[in-house]
Amino acid sequence: VVFNFFKKVAIFQTLGQKTDKEKMSILGIPYFALSEYRTAAANYQVKGVAQAIQYLSEADLKAKGIKESTGKDSELIIEQVLKLLSAGRK
């Protein structure tokens with residue numbers, strides 16, 4: 001869910017001057033969710049969104065045991081939340 005949110009924020013940042021209707025269609029979201037993506041796109045730099053996606057991918061690999069993890073799942077979650085909150089904020 002969080003990964004898909006940041007993926008859609010990254011797409012939203014590339015849409016430029018498209019109308020709200022076009023943005024909703026491209027992202028596959030309802031009108032009421034558009035403001036959330038607009039806010040996130042304004043609060044995160046493009047580089048920050050890319051970092052967030054990278055952090056989420058890394059956490060996924062650790063949770064699946066593919067990449068070495070240094071702690072418990074609860075520690076992994078806390079670490080990822082802190083990384084996401086600090087990733088490229090404007």
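- Following chains of ILVMFWY side-chain contacts shorter than 4.5 Å, one can reach F3 starting from Y44, so the two form part of one hydrophobic cluster.
- Contact detail for A10 and I53: the closest heavy-atom pair is CB-CD1, 4.5 Å.
- Between the CZ atom of F6 and the OG atom of S57 there is a distance of 12.0 Å, given to the nearest 0.5 Å.
- Looking only at side-chain heavy atoms (C-beta outward), F12 and I26 stay at 4.5 Å or farther from each other.
- The distance from the CD atom of Q45 to the CD atom of Q51 is 8.5 Å, given to the nearest 0.5 Å.
- In this structure, CD on Q54 lies 10.5 Å from NZ on K47, to the nearest 0.5 angstrom.
- In terms of hydrophobic clustering, with Ile, Leu, Val, Met, Phe, Trp and Tyr side chains grouped at heavy-atom distances under 4.5 Å, I77 and L85 are assigned to a common cluster.
- There is no path of hydrophobic side-chain contacts, each under 4.5 Å, that joins F32 to Y37.
- Counting heavy atoms from C-beta on, the side chains of L56 and K7 never come closer than 4.5 Å.
- With sequence neighbours excluded, no residue forms a salt bridge (charged side-chain N to carboxylate O under 4.0 Å, His left out) with K21.
- Considering only heavy atoms from C-beta on, L34 comes within 4.5 Å of M24 through its side chain.
- Shown here are the side chain to side chain donor-acceptor pair (under 3.5 Å) partners of Q80, two or more places apart in sequence or in another chain: there are none.
- No donor-acceptor pair closer than 3.5 Å links the side chain of E36 to the backbone N or O of A33.
- Atoms CD and CZ, on Q13 and R38 in that order, are 13.0 Å from each other to the nearest 0.5 Å.
- When atom types are taken as modelled, the side chain of K8 and the backbone of L27 share a donor-acceptor pair closer than 3.5 angstrom.
- Between I78 and L82 the shortest side-chain heavy-atom distance falls below 4.5 Å.
- Cluster annotation: Y55 and I66 are assigned to distinct hydrophobic clusters (Ile/Leu/Val/Met/Phe/Trp/Tyr, side-chain heavy-atom contacts under 4.5 Å, transitive).
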